[in-house]
Amino acid sequence: MKYDTVIIGAGMSGLAAGIRLAHFDKKVLICERHYREGGLNSYYDRNNFKLETGLHAMTNFVPRGAPKSMPLMKILRQLKIPYDALELREQRGSSIVFPGHMLEFSNDYAEFLQSVAEQFPAEMDNLNRLDRFIVEHDATRMENGYISARKVIGEYITDPLLTDMILCPLMYYGSANERDMDLAQFVLLYRSVFHEGFCRPASNGIEHIIKLLKQRYQESGGELRLNCGISSIKSSSGKVCAVETATGEIIETDHVLSSAGAFETFSICEEKLFGEMLPLEGQLAFMESMVIPRADFDFKTDKTIVFFNNADSFDFSNPLDMCDYRSGIICFPHNFKFNMEDSPPEKMLRVSLLANSRAWHTMSKEEYAENKKTIALRAVRIAESVLGLKDDVLDGARLTDSFTPRTVTRFTGKINGAIYGSPTKYKDGRTGIDGLYLCGTDQGFLGITGAMLSGISIANTYLML
Ligand SMILES: Cc1cc2nc3c(=O)[nH]c(=O)nc-3n(C[C@H](O)[C@H](O)[C@H](O)COP(=O)(O)OP(=O)(O)OC[C@H]3O[C@@H](n4cnc5c(N)ncnc54)[C@H](O)[C@@H]3O)c2cc1C
C-alpha cells in the first residue's frame with residue numbers, strides 16, 4: 001500500500017493538513033507516536049479532573065460573520081468546519097503587570113489603546129504608527145528571513161518599558177528566540193493577541209477542537225494511527241520514498257509532511273542532505289503548575305490571563321536556575337464569558353514559568369520528583385503575590401499537578417521540551433529533500449490557530465498536485 005502523503009504527528013498542524021489532503025481525495029495517513037491526538041495541545045485525566053496540556057486561550061478570536069480574510073475564518077472555510085461548531089466564548093479580559101504599570105486588554109482593541117494612553121500618554125502617536133506598520137506588513141511572506149522585532153519596534157516606540165510590556169505576552173505565546181523575536185512572528189502575534197484576542201470552546205476546551213478535527217479528517221477518508229512513532233524517513237537520490245515505524249514497518253509514500261519539528265525531523269532522515277539548512281536546537285521551555293482549589297475558593301479576579309514581570313527589566317531567556325521566577329503567565333480557564341447552558345471548566349489556576357530544560361532533563365528521578373513539588377509550590381506563591389491573594393490557594397485544594405520540559409519531551413518528542421521549537425524556521429516548509437516538508441511550529445506558525453494555518457498552507461502549496 002502506497003500513500004500520497006504520510007503526515008508525522010497528529011497535533012493541530014498535522015490534523016489540519018490531513019483534512020485538506022483527505023478532502024481532496026489524497027491517500028493520506030497520519031502517524032502519531034502518542035496514544036492520543038493533539039500534540040502540545042492535548043489533555044489528560046487526573047483524579048477525575050480533565051487537565052489540558054496547552055490551551056490557555058485560543059488566539060485570533062473573531063465574531064460570527066467576520067470577514068473571510070480573518071485567519072480563523074480562513075481556517076474554518078478551508079477545513080469545512082462551521083463557525084458555530086467551535087462554540088467559542090470570549091475572554092473576560094487580560095493584563096500585563098510590570099512593577100508600577102499595568103496594561104489591560106480584551107477582544108476590543110480600543111481597550112488596549114486606552115490603557116496605553118493612560119499609562120504611556122507620550123507614546124500614543126508612536127503606538128499608532130507602529131500599529132499602521134503592523135497592519136500593512138505582510139508577515140506571511142515565505143522568503144523573509146529572521147528580522148529583529150525589537151529593532152523595528154525601536155523605530156516607533158521610545159520607552160523601553162512599553163516595548164517590554166508589549167513584547168511580554170507575545171514572546172510568552174510564541175518566541176523561539178531569547179530576548180527578541182522574529183518580526184513576522186511579532187506582527188502575527190500582535191494581531192492575534194491584541195487586535196483579535198482570546199477565546200475558548202465552551203465545553204471540553206481543547207478536547208472539543210481535537211475531536212472536531214479528527215472527525216473531519218476521518219469522515220473525509222484520512223487514516224490515523226496512534227502509538228505509531230516514525231523512526232526513519234527513507235529517501236532515494238534525494239527523493240522521499242517511505243517511512244519506517246518504531247516497530248519496523250515500512251510504509252511507502254510519495255511525500256512526508258512532518259510536524260515533529262525541524263531538528264527532530266532531520267535527525268530521523270536516512271539521507272543527510274541538509275547542509276547549511278541544519279537547524280539550531282530549541283532552548284526555550286516552560287514549567288506549568290496547576291491548582292484546582294477547594295470548591296468555594298474565590299480567586300478575586302475575573303481576569304482571563306495575567307502576564308507578569310516582577311524584575312526591573314524583562315528578560316525572556318533560558319534561565320540558569322531550574323525556573324525563572326521573575327516573570328510568567330497566570331491563567332484562569334474559567335474566566336471566559338460562558339453562557340448559562342455551558343459547563344465551564346473547574347475554577348483553576350495555571351502558572352507558567354520559563355524553565356531550564358537541561359537541568360530538568362539531567363536530574364535523577366528522585367531529584368526530579370522533589371524539585372517538581374517544591375518549584376510548583378513556589379510558582380503558586382508567586383502567583384498569589386502577583387494577584388494580591390493570601391497564601392491560601394492550596395488550602396484544601398482538590399488537585400495540584402505540574403509538567404516540565406521533561407514531560408513535554410516524553411509525550412511529544414520535542415527536543416529540550418522547547419515548545420516553540422527551533423529558532424531556525426523554515427518558512428517555505430522545504431527541507432532540501434524532495435517530497436519532505438515541515439509544517440507547524442518549525443515552519444514558523446505557532447499556537448493553535450497558527451499551527452492549523454501552517455498545516456493548511458503547506459498542504460495547499462505542495463501536496464495537492
Ligand atoms: C504549556 C503550553 C501552553 C500553551 N498554550 C497555548 C495557548 O494558550 N494558545 C495557543 O494557541 N497555543 C498554546 N500552546 C502552543 C500550541 O500548543 C502549539 O504551538 C501548537 O499546538 C503546535 O502544534 P503543532 O502541530 O505544530 O505541533 P505539535 O503539537 O508539537 O504536534 C506534533 C506532533 O508530532 C508527534 N510526533 C513527534 N515526533 C513524532 C514521530 N517521530 N512519529 C510520530 N509522531 C511524532 C508529537 O507527538 C505531536 O503530537 C501551548 C503549548 C504548551 C505546551
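Excluded from the calculations below are hydrogen atoms, water molecules and symmetry mates; all remaining heavy atoms, backbone and side chain alike, are included. All ligand and atom numbering here is 1-based and tracks the order in the structure.
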Considering only heavy atoms of Leu55, which atoms of ligand 1 have at least one such atom less than 4.0 Å away? 8 (O)
Should you measure from each heavy atom of Phe403, which atoms of ligand 1 turn up under 4.0 Å away? 1 (C)
Is NZ or CZ of Arg36 both nearer than 6.0 Å to the six-membered ring centre of Tyr44 and within 45° of the ring axis? no
Is the shortest distance from a heavy atom of Met58 to ligand 1 less than 4.0 Å? no
Using 0.5 Å steps for rounding, measure from the OG1 atom of Thr404 to the CG atom of Asn371. 10.0 Å
Distance to 0.1 Å, residue and atom name: give those for the protein heavy atom nearest to atom 1 (C) of ligand 1. Thr53 O, 3.2 Å
Please list, in number order, the atoms of ligand 1 under 4.0 Å from a heavy atom of His56. 5 (N), 7 (C), 8 (O)
Is there a heavy atom of Phe411 sitting under 4.0 angstrom from any atom of ligand 1? yes
What distance separates Ile19 CD1 from Glu219 CD, expressed to the nearest 0.5 Å? 8.5 Å
Between His23 and Tyr217, does the ring centre distance come in under 6.0 Å? no
In Å, rounded to the nearest 0.5 Å, how long is the span from OG1 of Thr140 to CG of Leu188? 7.5 Å
Take atom CZ in Arg381; do more than 12 heavy atoms of anything else shown fall under 6.0 Å from it? yes
Check each heavy atom of Ala57 against ligand 1 and say whether those closer than 4.0 Å belong to the side chain, the backbone, both or neither. backbone
For atom 35 (C) of ligand 1, what is the nearest protein heavy atom, given as residue, atom name and distance? Glu32 OE1, 3.3 Å
Counting each atom of ligand 1 from 1 as listed, which ones have a heavy atom of Gly229 under 4.0 Å away? 42 (N), 43 (C)
Interatomic spacing from NZ in Lys414 to CD in Glu264 - rounded to 0.5 Å: 5.0 Å
Give the residue, atom name and distance (to 0.1 Å) of the protein heavy atom nearest atom 34 (O) of ligand 1. Gly9 CA, 3.1 Å
Counting heavy atoms under 4.0 Å, the part of Ser259 that contacts ligand 1 is both
Atom 31 (O) of ligand 1: nearest protein contact (heavy atom, Å): Gly11 CA, 3.7 Å
Has Arg410 got more than 12 heavy atoms of other residues, nucleotides or ligands less than 6.0 Å from its CZ? no
Go through Lys27 and Glu223 one step at a time and tell me if the salt bridge (charged side-chain N to carboxylate O under 4.0 Å, His left out) criterion holds. CA-CA 8 Å; Lys27 194 158 179 45; Glu223 292 174 50; 3.1 Å; yes
Heavy atom of Phe445 under 4.0 Å from ligand 1? no
Measuring from atom 45 (C) of ligand 1, which candidate in Arg33, Met287, Met12, Met452 has the nearest non-hydrogen atom? Arg33
Of all protein heavy atoms, the one nearest atom 14 (N) of ligand 1 is Asn41 ND2, 3.9 Å
Please work out, at 4.0 Å between heavy atoms, whether the side chain, the backbone, both, or neither of Cys228 comes within that distance of ligand 1. backbone
Judged by heavy atoms only, the candidate from Ile448, Thr407, Asp442 nearest atom 10 (C) of ligand 1 is Ile448
Got more than 12 heavy atoms from elsewhere within 6.0 Å of NZ, Lys272? yes
Would you please indicate yes or no on a ring centroid separation below 6.0 angstrom for Phe198 and Phe61? no
Within a radius of less than 6.0 Å around CG of Asp138, do more than 12 heavy atoms belonging to other residues, nucleotides or ligands occur? yes
Gly440 versus ligand 1: do any nitrogen or oxygen atoms come within less than 3.5 Å of each other? no
Mind listing the closest non-hydrogen atom pair of Leu224 and Ala10 along with its distance? CD1-CB, 4.0 Å
Decide whether an N or O pair under 3.5 Å exists between His34 and ligand 1. no
Got the closest protein heavy atom to atom 27 (O) of ligand 1, with its distance? Thr441 OG1, 3.8 Å
Is there any N or O on Thr449 that sits under 3.5 Å from an N or O of ligand 1? no
Pairwise distance OG(Ser327) to CD1(Ile382) - rounded to 0.5 angstrom: 9.5 Å
Shortest heavy-atom approach to atom 29 (O) of ligand 1 - which of Val6, Thr265, Leu40: Leu40
Between Phe286 and ligand 1, which residue portion shows a heavy-atom distance shorter than 4.0 Å: side chain, backbone, both, or neither? neither
Kindly confirm or rule out an N or O of Ile230 lying under 3.5 angstrom from an N or O of ligand 1. yes
Among all protein non-hydrogen atoms, which one is nearest to atom 50 (C) of ligand 1, and what is the separation to 0.1 Å? Gly54 CA, 4.0 Å
Side-chain donor-acceptor pair under 3.5 Å between Ser148 and Asp180, yes or no? yes
Enumerate the residue pairs fulfilling side chain to side chain donor-acceptor pair (under 3.5 Å) with a member in residues 86-95, sequence neighbours excluded, ordered by first and then second residue. Arg89-Asp342, Glu90-Asn107, Gln91-Ser94, Gln91-Asn107
Hey, does Ser13 come in under 3.5 Å of ligand 1, counting only N/O atoms on both sides? yes
Which part of Ile419 is near ligand 1, with near meaning a heavy atom under 4.0 Å away: side chain, backbone, both or neither? side chain
Looking only at protein heavy atoms, identify the closest one to atom 40 (C) of ligand 1 and say how far it is in Å. Ile8 CG2, 3.5 Å
Is the number of heavy atoms from other residues, nucleotides or ligands within 6.0 Å of CZ (Arg77) greater than 12? yes
For ligand 1, is any non-hydrogen atom under 4.0 Å from Val408's backbone (N, CA, C, O), its side chain (CB onward), both, or neither? neither
